[in-house]
Amino acid sequence: MHVVVNAATSVDGKLSSRRREQIEISGPEDFDRMDRLRAAADAVMVGVGTVLADDPHLTLDVEDRRVQRLRNGRPGNPARVVADSRARTPTDARILDDEATTYLLVADIAPDDRVEALEATGGVVLRAGDERVDLAAGFEALESHDVERVMVEGGGEIVFSLFEAGLVDELSLYVGSLVIGGRDAPTLADGEGFVDVDEFPRLELTDVERLDDGVVLHYAV
Ligand SMILES: NC(=O)C1=CN([C@@H]2O[C@H](COP(=O)(O)OP(=O)(O)OC[C@H]3O[C@@H](n4cnc5c(N)ncnc54)[C@H](O)[C@@H]3O)[C@@H](O)[C@H]2O)C=CC1
Ligand SMILES: Nc1nc(O)c(N)c(N[C@@H]2O[C@H](COP(=O)(O)O)[C@@H](O)[C@H]2O)n1
């Protein structure tokens, strides 16, 4: 699996405010870059925290990109993936409409009635892990559904877990020219955090690009 993480933060590294509502940090040029990344992916993934906070759709905005994918024998929209240990995704979430296949990675602790409710919407439930989604095992399960390239849009809990598991290949980070602040506001990588210096993932800065009123930092991991 090739894993590309893409996100937008304020200059102080926040994905959102302490209220955890969606904030437009990116401008039109960066949202277009994000749409291009989606079009190049087999699947777009978020954690259930992002589904609950933002109710994202995760489909392509630009119709020409959908048409081009169909011409190439691919589904018009990339598949959507939610890491959702306890199957908490609401059955009326936008991510569960019929515009793309949606995979829900759940853990063994997910209640059967919740799993059945999600399957009834047409979502494809894949079990990986005991109490929390085992992301490496989840990616293996996705590979058996022809998902080889995944773009992860956040949030901070899932991004930290991916770095911790050594599963990230590329990171692109738009840094908007604003300060959000707040010790409880989500950041790019939350979770438990790393402690030992030799645990910190070291990134290679491969490109810097100016878009809207901010910058995009491109890293190889
Ligand atoms: N500015 C940006 O680019 C973006 C901002 N956001 C913001 O991020 C916030 C949501 O982020 P978070 O609360 O961190 O939620 P998250 O989206 O990272 O989801 C975390 C949840 O995923 C589930 N999960 C399953 N397996 C897991 C694993 N192995 N490791 C970690 N979590 C696992 C758990 O239920 C956990 O609570 C919202 O405020 C949203 O607006 C989200 C995406 C992009
Ligand atoms: N890259 C980026 N920049 C921002 O400024 C953002 N607020 C976000 N948020 C994420 O974008 C996705 C929205 O998806 P739909 O437009 O509903 O398809 C979702 O993943 C948000 O969390 N991203």
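What you see is a predicted model, and the numbers here were worked out from it, not measured in a lab. Numbering of ligands and ligand atoms starts at 1, following listing order.
Residue, atom and distance of the protein heavy atom nearest to atom 14 (O) of ligand 2 are Arg38 NH2, 3.1 Å. The protein non-hydrogen atom at the shortest distance from atom 12 (C) of ligand 2 is Glu153 OE1, 3.3 Å. Of all protein heavy atoms, the one closest to atom 7 (N) of ligand 2 is Ile23 O, 2.7 Å.
Any N or O atom pair closer than 3.5 Å counts here, and Val133 shares at least one such pair with ligand 1. Residue Asp55 places no N or O, backbone or side chain, under 3.5 Å from any N or O of ligand 2. Ligand 2 has no nitrogen or oxygen under 3.5 angstrom from a nitrogen or oxygen of Phe31. Residue-to-ligand polar distances place Ile25 within reach of ligand 2: an N/O pair is separated by less than 3.5 Å. Remark: ligand 2 and Thr50 share no N or O pair separated by less than 3.5 Å (distance only, no angle test).
Nearest-residue assignment for atom 23 (N) of ligand 2 (options Met34, Glu21, Gln22, Arg94; heavy-atom criterion): Met34. Nearest to atom 3 (O) of ligand 1 by heavy atom, out of Ser26, Ala53, Ala8, Gly176, is Ala8. Summarising the contacts of atom 4 (C) of ligand 1 with Leu15, Val5, Val106, the nearest heavy atom is found in Leu15.
With a heavy-atom cut-off of 4.0 Å, His57 touches ligand 2 through backbone and side chain alike.
At least one heavy atom of Arg88 sits closer than 4.0 Å to an atom of ligand 1. Residue contacts with ligand 1: Val46 is excluded, as none of its non-hydrogen atoms falls under 4.0 Å.
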